[in-house]
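Atoms within each ligand, like the ligands themselves, are counted from 1 in listed order. When a residue number appears, it is its place in the shown sequence, counting from 1.
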Amino acid sequence: MAERSLDAVVVGSGPNGLAAAIALARAGVSVLVVEGENEIGGGTRSAGLTLPGFTHDVCSAVHPMGILSPFFRQLPLAEHGLAWLRPRASVAHPLDDGPAVMLRRSLDRTAETLGRDARAWARLVGPFLDDPHALIADALAPLRVPAHPLRLLRFGLRAGWSANRLARLCFRGERARALLAGCAAHSLLPLTQPLTAAVGVLFAITAHVEDWPVAEGGSHAITRALASHLHGLGGRIETGRRIERLEELPNSRAVLFDTSPDQLARIAGGALPPGYRRRLERYRYGPGVFKLDWALDGPIPWRDPACRDASTVHVGGTLEEVCASERDMYRGRHSERPFLILCQQSEVDPSRAPAGRHTGYAYCHVPHASTADMSDAIERQVERFAPGFRDRILARHAMGPADFERYNPNYRGGAITGGIADALQLWNRPVTRLDPYATPNPRLFICSAATPPGGGVHGQCGYWAARSVLKRLAVSADRARTPERRAGAGGRSASRR
Ligand SMILES: Cc1cc2nc3c(=O)[nH]c(=O)nc-3n(C[C@H](O)[C@H](O)[C@H](O)COP(=O)(O)OP(=O)(O)OC[C@H]3O[C@@H](n4cnc5c(N)ncnc54)[C@H](O)[C@@H]3O)c2cc1C
């Protein structure tokens with residue numbers, strides 16, 4: 001294909017860039033993806049960060065939104081090598097006293113660990129479990145008339161509060177409150193802010209629909225499958241080609257940026273009006289993360305061995321402690337007892353480590369562009385619930401905000417989810433516009449996690465951006481539908497337990 005004939009170029013091959021390219025290619029649009037790194041994948045790559053034989057996920061690790069993504073679910077990703085491996089539980093939340101709280105697919109088995117709040121938990125999430133995909137489709141979309149308005153309204157009435165408030169309103173005991181707090185802390189917001197309950201409840205619902213899986217072999221299997229599918233549809237990918245100026249791109253009718261808003265402003269330069277560029281530059285990225293990867297000579301020695309069932313362990317204690325940790329980082333302080341998102345991929349996927357050995361991964365939220373070394377605080381928190389943990393460490397690898405930004409320029413100041421997703425910036429990202437994916441230049445679009453519905457490996461930002469492009473290119477309905485029908489007939493990604 002001569003470059004002159006290209007319909008669309010996508011800058012960046014993260015999950016959203018590839019999803020956008022696939023959605024375009026399925027509509028018969030010729031598309032080229034240009035990636036700055038030598039390897040595709042953005043926040044969905046894996047690497048041997050510690051010792052030979054150990055595979056670590058550099059960024060994303062556990063993928064409830066990936067397996068449940070309305071767009072990914074349409075794609076034949078299993079045929080392209082993606083196998084989701086499910087744990088026996090999505091989340092373990094250890095506490096100082098008593099057994100860990102376990103979030104399992106079964107409501108009854110989850111309830112067993114919630115004590116007196118068992119019925120309250122079922123009342124909170126149960127009403128959404130008869131058709132959860134409808135709710136997830138509306139939640140993973142830009143602001144629009146929802147496809148299932150009553151369901152979304154019902155969800156909003158429960159989940160419009162702050163997580164702190166909802167936990168105290170719904171639950172009387174520490175255990176359910178802590179579980180909701182851990183799920184809500186994925187928002188990277190103080191848990192006293194509105195909408196944090198929505199994040200907590202939505203994550204909890206996903207765990208009752210699917211056990212939060214890892215990708216066999218490493219998270220890079222997700223973007224490799226997307227890339228392979230894209231190739232099959234005729235799309236092309238070029239790696240090792242970082243774009244600094246618009247003029248470096250081949251001619252095309254549309255350009256989609258899987259980049260941070262500041263990069264869009266810089267690369268597009270005078271092709272965008274100064275007012276719009278200023279608004280991109282004012283975009284709020286928010287807190288960063290500090291992450292450790294470990295090569296371990298055995299499993300994490302949790303005081304409650306049930307924790308080994310979970311792909312994700314929320315380490316941070318009670319609702320009050322999780323709230324304090326997240327409030328601190330938002331106010332520019334470093335918590336002495338940070339809340340951790342800990343993933344134990346090798347418990348689910350033995351291919352990640354040599355026989356009998358394990359990988360571990362944990363990160364905490366830190367202030368934007370923090371330079372603090374949180375290694376000791378993180379390991380102390382794990383040791384608190386898994387005495388003897390430090391003795392299992394064969395090697396460790398640390399990444400702070402500056403490392404993440406070097407690794408991927410989208411992670412400004414170490415912010416990993418495409419920017420703050422509070423009530424002011426969740427749907428109005430990157431700027432307030434009727435169509436947030438379009439820019440004032442009819443040729444330029446943005447499709448990264450800095451657009452709705454925001455961070456996570458789900459490809460929905462790319463999918464919705466591609467729809468915006470297709471409207472602009474006025475691809476005829478026939479041309480758009482035919483390949484979709486073909487691809488829509490494909491199977492789902494393989495899943496194994
Ligand atoms: C530590 C960490 C843990 C995470 N954990 C999870 C998790 O467990 N589950 C989950 O769902 N999500 C997780 N995430 C979030 C998830 O990785 C991101 O939200 C997701 O990758 C965003 O996808 P994207 O396509 O918008 O951008 P990215 O994945 O950031 O991809 C952007 C791509 O564009 C390229 N690029 C940027 N600028 C240019 C340029 N100028 N020229 C050419 N190429 C360019 C980059 O190199 C990159 O490959 C995590 C992220 C981090 C960092």
Give me the residue, atom name and distance of the protein heavy atom closest to atom 13 (C) of ligand 1. Ser60 CB, 3.4 Å
Just to be sure I read this right, does ligand 1 sit under 4.0 Å from the backbone of Thr259, its side chain, both, or neither, counting only heavy atoms? side chain
Please work out which of Thr417, Val10, Ile416, Val34 has its closest non-hydrogen atom nearest to atom 18 (C) of ligand 1. Ile416
Please could you name the atoms of ligand 1 that Ser448 approaches to less than 4.0 Å, counting only its heavy atoms? 26 (O)
For atom 16 (C) of ligand 1, what is the nearest protein heavy atom, given as residue, atom name and distance? Val457 CG2, 3.9 Å
Checking a contact table here: which protein heavy atom is nearest atom 34 (O) of ligand 1, and how many Å away? Gly12 CA, 3.2 Å
Does Phe128 have its ring centroid less than 6.0 Å away from the ring centroid of Phe155? yes
Between the side chains of Arg45 and Glu35, is the shortest nitrogen-to-carboxylate-oxygen separation below 4.0 Å, so that they form an ion pair? yes
Would you sort out whether His314 and His186 count as a side chain to side chain donor-acceptor pair (under 3.5 Å), showing the intermediate values? CA-CA 10 Å; His314 290 156; His186 286 256; 2.9 Å; yes
Proximity winner for atom 20 (C) of ligand 1, if only heavy atoms of Gly456, Gly42, Gly14 are counted: Gly456
Between Tyr283 and Tyr285, what is the ring plane arrangement, given parallel below 30°, perpendicular above 60°, and tilted in between? perpendicular
Could you check Gln344 against Trp294 for side chain to side chain donor-acceptor pair (under 3.5 Å), going step by step and ending with a plain yes or no? CA-CA 10 Å; Gln344 32 190 18; Trp294 299 285; over 6 Å; no
So, Phe71 versus Trp464, ring centres under 6.0 angstrom or not? no
Who's the nearest protein heavy-atom neighbour of atom 27 (O) of ligand 1, and how far? Asp258 OD1, 3.5 Å
For atom 29 (O) of ligand 1, what is the nearest protein heavy atom, given as residue, atom name and distance? Gly43 N, 2.7 Å
If you measure every N or O of Val58 against every N or O of ligand 1, does any of those distances drop under 3.5 Å? no
Closest non-hydrogen protein atom to atom 32 (C) of ligand 1, residue and atom name please, with distance? Asn410 ND2, 3.3 Å
Under a 4.0 angstrom heavy-atom cut-off, which atoms of ligand 1 come close to Val11? 40 (C), 42 (N), 43 (C)
Going by the order shown, which atoms of ligand 1 are within less than 4.0 Å of some heavy atom of Arg45? 47 (O), 49 (O)
Check this for me - ligand 1, Ala449, N or O atoms closer than 3.5 angstrom, yes or no? yes
With heavy atoms and a 4.0 Å threshold, my read on which part of Glu244 contacts ligand 1 is neither
Counting heavy atoms not belonging to Arg380, are there more than 12 under 6.0 Å from its CZ? yes
Going by the 4.0 angstrom heavy-atom rule, the piece of Trp212 near ligand 1 is neither
Atoms in ligand 1 flagged as close to Arg241, the criterion being non-hydrogen separation under 4.0 Å: 43 (C)
Option of least heavy-atom distance to atom 7 (C) of ligand 1 (set: Ile40, Ile67, Leu249, Val62): Val62
for atom 42 (N) of ligand 1, nearest protein heavy atom and its distance come out as Ile243 N, 3.0 Å
The option among Ser260, Cys447, Pro15 carrying the non-hydrogen atom nearest to atom 23 (O) of ligand 1 is Pro15
Which ligand 1 atoms, with their elements, are less than 4.0 angstrom from a heavy-atom of Tyr361? 3 (C), 4 (C), 5 (N)
Check each heavy atom of Asp57 against ligand 1 and say whether those closer than 4.0 Å belong to the side chain, the backbone, both or neither. neither
Atoms in ligand 1 with a heavy atom of Glu37 nearer than 4.0 Å: 47 (O)
Only heavy atoms of Phe404, strictly under 4.0 Å: list the atoms of ligand 1 that pass. 1 (C), 53 (C)
When you look for heavy atoms under 4.0 Å from ligand 1, do you find them on the side chain of Arg242, its backbone, both, or neither? both
Test your reading of the structure: does Ile267 have an N or O sitting under 3.5 Å from an N or O of ligand 1? no
Ligand 1 atoms nearer than 4.0 angstrom to some heavy atom of Lys291 are 1 (C)
Classify the contact between Asn16 and ligand 1 as side chain, backbone, both or neither, using a heavy-atom distance cut-off of under 4.0 Å. both
